[in-house]
Amino acid sequence: KNVATSASGAMAALQRIPSISTSRTRCVLSLMSEFCDKPLKKRSVNDLMQMAQLSPQDRASQLHETLKVGLARCAMGLSGLAFGFCNAPSIKHVASLYVHNFLQVMEYEHQYGTSGFASEDYINLTKNVFNEHRGTMLDVAKGIFEFYEDVGDLFGKDLELAEARQELWQVREIEQSLDDFFTHRLTLRLLISHVHNLNSPRGANTRGKREDMVGVINLNTQPIATLHRAYMAARFMCMRDFQIAPDLLVNGMRCEDYVLQDGFGQQHFAYVHTHLFYIFLELLKNAARASIERGQMEMENDSGSGTDIERLQALVPSMHVIVSEKQDVWDQNRSIKLADSGVGMDRTVLSKAFCYFYSSVKVRPTVAAEVSDFDKSVPLAGFGFGLPVSRVMARYFSGDIDLNSIPGKGTDAYVYL
């Protein structure tokens, strides 16, 4: 409510903004439309590294120009989603936040010009933009549930948008728009964090600074170390929900032992390691749940001794990761295979795996209020966002994620970085 009030107040105060380049008075919608027509460049790892050579003022200026275009694109993109999706309350809430932030950025430029972008006030403004959108993914998930409820009231509760999208261009357009939205959001959050880290005293001085970090870029990203951290997080979720968890083997060795061996960490490269953690965590959550489901199926025909948990743990198959251990091979083709021996997917299900409207969990939340504590207790599965957002993250730096599966035998996920 407070955010909505501040957004409407800003809109009322700034319904017409003087153009920076001319003396004309501009309507906000017209101004946002103009910035939407400008390109929003994705930053490569090399682009981000080169920003370290710029002055703090130049970095802040680049951030400012990116904010104007990115905020406008996010707001206008959500506001124009097809099939009434833009009218879902949570989607309107997110769009209003981006409009509010756009107005703040434009008003700052109008009042202080281009010379104050390295000031403490502007730094705090951009930090607030970053923090206000921490829950955006949850809000969009809520919006999908609200949209499902609306179209279900119109066309029947048995409607499956993940299947109907083959015939409905509107659903496919929403999915493409969500891919674009999350890509723009990623650009904004990446650049805000990167510039703040570079411009902070700790980022400018070597004292207190990690030598392997340049802004948000970890020069020594070790994929298996990141994989291990993601596995421990996924394992915690499995133990919390099922009291068991599948083992993870890396090149035939338990992950816990692999990271302790001599010579570990040969594979390394410059990357945003937080992105890699998210990708690995989502893939491991899916693989772990499929493995546990396989164990539960096997248990129905098992008459072994021990407690139910002990019997189930013995029946849950391990997950396997295959990765090149030679740095020269890794440099040429940074790829990782994660395989499970879970329940697998048929071709129909596989075709829906990256759909925002699909989840393999049979009972998904049907009312938006049910996911209000998403950020307090992350579920193992159920929202359908893990794979599509992971693919957006992988593709951001020209990578990708591919899936292959055989029903009853398991799924192979290939991560290209």
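What you see is a predicted model; the values in this text were computed from it and never measured. Numbering of residues begins at 1 and proceeds along the displayed sequence.
Using a cutoff of 4.0 Å between basic side-chain nitrogens and carboxylate oxygens, R289 and E293 are scored as salt-bridged. For the pair R172 and E175, the salt-bridge criterion is not met [side-chain N within less than 4.0 Å of a carboxylate O].
Scanning for salt bridge (charged side-chain N to carboxylate O under 4.0 Å, His left out) contacts around E173 gives an empty result, with sequence neighbours left out. In terms of the side-chain hydrogen bond (donor to acceptor under 3.5 Å, both in side chains) criterion, Q62 has no residue partners (sequence neighbours excluded). Considering only residues two or more places apart in sequence or on other chains, N404 meets the side-chain hydrogen bond (donor to acceptor under 3.5 Å, both in side chains) condition with none of them. For K38, there are no salt bridge (charged side-chain N to carboxylate O under 4.0 Å, His left out) partners two or more places apart in sequence or in a different chain. Applying the side-chain hydrogen bond (donor to acceptor under 3.5 Å, both in side chains) test to R43 and every residue at least two apart in sequence or in another chain returns T66. The salt bridge (charged side-chain N to carboxylate O under 4.0 Å, His left out) test applied to E163 returns K352, not counting sequence neighbours. Residues forming a ring pair (Phe, Tyr, Trp, His ring centres under 6.0 Å) with Y231 (at least two apart in sequence, or on another chain): none. Here K337 pairs with D412 under the salt bridge (charged side-chain N to carboxylate O under 4.0 Å, His left out) rule; sequence neighbours left out. Partners of D331 by side-chain contact (heavy atoms from CB on, under 4.5 Å), not counting sequence neighbours, listed by chain and number: Q327. Judged as a ring pair (Phe, Tyr, Trp, His ring centres under 6.0 Å), and not counting sequence neighbours, the contacts of Y271 are F269, F397. By the side-chain hydrogen bond (donor to acceptor under 3.5 Å, both in side chains) test, R59 pairs with N199, sequence neighbours left out.
Using modelled atom types and a 3.5 Å distance limit, the side chains of Q50 and D47 yield no donor-acceptor pair. With 3.5 Å as the limit, one finds a donor-acceptor pair spanning the side chains of T126 and H196. For the residue pair N286 and E282, no side-chain donor N or O sits within less than 3.5 Å of a side-chain acceptor on the partner. Donor-acceptor pairing under 3.5 Å is lacking for the side chains of N251 and H320. Inspection of the H64 and E109 side chains reveals an N or O donor paired with an N or O acceptor under 3.5 Å.
Listed for the H184 side chain is no donor-acceptor partner under 3.5 Å among the backbone atoms of L71. Under a 3.5 Å cut-off, the side chain of D340 and the backbone N or O of T411 do form a donor-acceptor pair. For the pair R73 (side chain) and G70 (backbone), a donor-acceptor distance under 3.5 Å is absent. Side-chain N or O atoms of N197 include one that pairs as donor or acceptor with a backbone N or O of S193 at under 3.5 Å. Here the side chain of D257 pairs no donor or acceptor atom with the backbone of M253 at under 3.5 angstrom.
One distance of note links CG of D346 with CD1 of I406; it measures 12.0 Å at 0.5 Å rounding. Separation of atoms CG (L63) and CZ (F117) is listed at 9.5 Å; rounding is to 0.5 Å. Rounding to the nearest 0.5 Å places CG of L227 at 7.5 Å from CG of L338. Between atom CG of residue L276 and atom OG1 of residue T226 there is a gap of 5.0 Å, rounded to the nearest 0.5 Å. Note that NE2 of H133 is 5.0 Å distant from CG of L97, once rounded to the nearest 0.5 Å. Atom OG in S318 sits 8.0 Å away from atom CZ in R254 (nearest 0.5 Å).
Taking the centre and axis of the six-membered ring of F130, the NZ or CZ atom of R189 falls inside the cone set by 45° and 6.0 Å.
Sorted by first then second residue, the side-chain hydrogen bond (donor to acceptor under 3.5 Å, both in side chains) pairs that include residues 385-399, not counting sequence neighbours, are T187-Y396, R395-D400.
Inter-residue side-chain proximity for E160 and Y148 is flagged as met; some heavy-atom pair is nearer than 4.5 Å.
Looking at every heavy atom in both residues, F277 comes nearest to A233 through CZ-CB, 4.2 Å. When every heavy atom of P246 is checked against every heavy atom of M319, the shortest pair comes out as CG-CE, 3.9 Å.
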* **Intermediate values then yes/no, salt bridge (Lys or Arg N to Asp or Glu O under 4.0 Å), R294 and E298** => CA-CA 6 Å; R294 177 64 179 270; E298 298 288 342; 3.1 Å; yes

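Ring geometry, Y356 versus F182: the interplanar angle falls under 30°, so the pair is classed parallel (tilted spans 30 to 60°).
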